[in-house]
Amino acid sequence: MIEDDDSFIQQEGLPPAQEDEDRQARGAHALVTGLVVFVVWVIWTAVCVLFFSGRVEQAIRDSGVIELLAQMSDEEDSESTRTVQLAYPLADGSIHVMQVEAIRHGGDARHDTIEALIETYPQEALSHGGVNLVDRDTRLIGLTYADGRCYVDLSDDIMDSPVLGSYTAFDQIADTLMLDDDIESVVFLIEGKRLDALDGDGLAT
């Protein structure tokens, strides 16, 4: 026959009230011990920071880790852009060429060059009187290169581009691409439909 808890406690010689007091005492002791350990840890950490932080900082500097992280950050920034050359026509018929940092769009340098010509209009070009004729809504659909010739497929928004005298947005794109010595002529396509090729003398016949 199983007796209840009170009977069992009484048989062990510990009244219920005494057992509760013992439990409370053990809990209080554990809490005090935990607090003491925590306070000691805080004091030790503060002492370490106070006396060793300067040494740790100097050790980190001497290790070159900070310079390495800065270099890695610079490399990541440089990998997101590339330097390209863009041609901007002037009112007197000459061309102003300038270098800009173009965003890498995942293609080659020629692709990023035309994307930059569409997307940007640097203050430097404007201050020199350079004009960007390429309509900003123009999309570069595709660009390929073969045997000295560059094929550029553009959206039909390019047809809304303004002109400067007889100089057109097609001329500006061609002049920009032919800053690359490997490119001898440019063939334009509008939404996949081919136009006449442009070489150094303008529209080819």
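Side chains included, hydrogens not; waters and symmetry mates left out as well; all remaining heavy atoms used. What you are looking at is a predicted structure, and each value in this text was computed from that prediction instead of being measured.
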Could you grab the distance from atom [atom1] of [X] to atom [atom2] of [Y], nearest 0.5 Å is fine?
X: Leu154; Y: Arg139; atom1: CG; atom2: CZ; value: 9.5 Å
X: Ile173; Y: Cys150; atom1: CD1; atom2: SG; value: 10.5 Å
X: Glu115; Y: Leu143; atom1: CD; atom2: CG; value: 9.5 Å
X: Arg110; Y: Leu179; atom1: CZ; atom2: CG; value: 12.0 Å
X: Ile118; Y: Ile158; atom1: CD1; atom2: CD1; value: 7.0 Å

*How far apart are the closest heavy atoms of Pro89 and Leu164, and which atoms are they?*
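Minimum heavy-atom separation between Pro89 and Leu164: CB-CD2, 4.0 Å.
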*Taking it one step at a time, do Arg149 and Val187 satisfy side chain to side chain contact (heavy atoms under 4.5 Å, CB included)?*
CA-CA 7 Å; Arg149 179 167 289 182; Val187 176; 3.2 Å; yes
*Candidate pair Phe170 and Ile190, rule side chain to side chain contact (heavy atoms under 4.5 Å, CB included), full reasoning*: CA-CA 11 Å; Phe170 295 108; Ile190 305 299; 4.0 Å; yes
_Just by distance, no angles: are the side chains of Arg104 and Ser80 close enough, under 3.5 Å, to form a donor-acceptor pair?_
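Looking only at side-chain atoms, Ser80 and Arg104 do not form any donor-acceptor pair under 3.5 Å.
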*Distance-only side-chain donor-acceptor flag, Thr83 / Glu101, under 3.5 Å*: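 Side chains of Thr83 and Glu101: pair found under 3.5 Å.
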*asked:* Going by the rule salt bridge (charged side-chain N to carboxylate O under 4.0 Å, His left out), which residues pair with Asp153 if we only count those two or more places apart in sequence or in a different chain?
replied: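 Partners of Asp153 under the salt bridge (charged side-chain N to carboxylate O under 4.0 Å, His left out) test: none.
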*asked:* Test of understanding: with salt bridge (charged side-chain N to carboxylate O under 4.0 Å, His left out), list the residues that count as partners of Asp157, not counting sequence neighbours.
replied: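 Checked Asp157 against salt bridge (charged side-chain N to carboxylate O under 4.0 Å, His left out); zero matches.
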Which residues pass the side-chain contact (heavy atoms from CB on, under 4.5 Å) test with [X], sequence neighbours left out?
X: Arg136; value: none
X: Val163; value: Thr168
X: Val36; value: Val32, Val40

*Check the pair Asp180 / Thr113 against side chain to side chain contact (heavy atoms under 4.5 Å, CB included), numbers first and verdict last.*
CA-CA 11 Å; Asp180 182 343; Thr113 297; over 6 Å; no
Who passes side chain to side chain donor-acceptor pair (under 3.5 Å) against [X], sequence neighbours left out?
X: Asp112; result: Arg82
X: Asp108; result: none
X: His105; result: Glu119
X: Tyr167; result: Asp175

Donor-acceptor pair, side chain of [X] and main chain of [Y], under 3.5 angstrom:
X: Gln172; Y: Leu133; result: yes
X: Asn132; Y: Leu117; result: yes
X: Glu191; Y: Asp156; result: yes
X: Ser155; Y: Thr138; result: no

*Kindly state each residue pair satisfying side chain to side chain donor-acceptor pair (under 3.5 Å) with at least one member in residues 89-100, sequence neighbours excluded.*
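For residues 89-100, and leaving out neighbouring residues, the side chain to side chain donor-acceptor pair (under 3.5 Å) pairs sorted by first residue read Asp92-Ser94.
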*Would Leu177 and Val152 count as a side chain to side chain contact (heavy atoms under 4.5 Å, CB included) if you check the C-alpha gap in whole Å, the side-chain angles of each, and the deciding distance to 0.1 Å?*
CA-CA 10 Å; Leu177 286 171; Val152 183; 3.6 Å; yes
*Quick one: do Ile114 and Met98 end up in the same hydrophobic cluster if we chain Ile, Leu, Val, Met, Phe, Trp and Tyr together by side-chain heavy atoms under 4.5 Å apart?*
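Yes, because Ile114 and Met98 connect within a single hydrophobic cluster, where side-chain heavy atoms sit under 4.5 Å apart.
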*Identify whether Val134 and Ile183 are in the same connected component of the hydrophobic contact network (ILVMFWY, side-chain heavy atoms under 4.5 Å).*
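Linked within one cluster.
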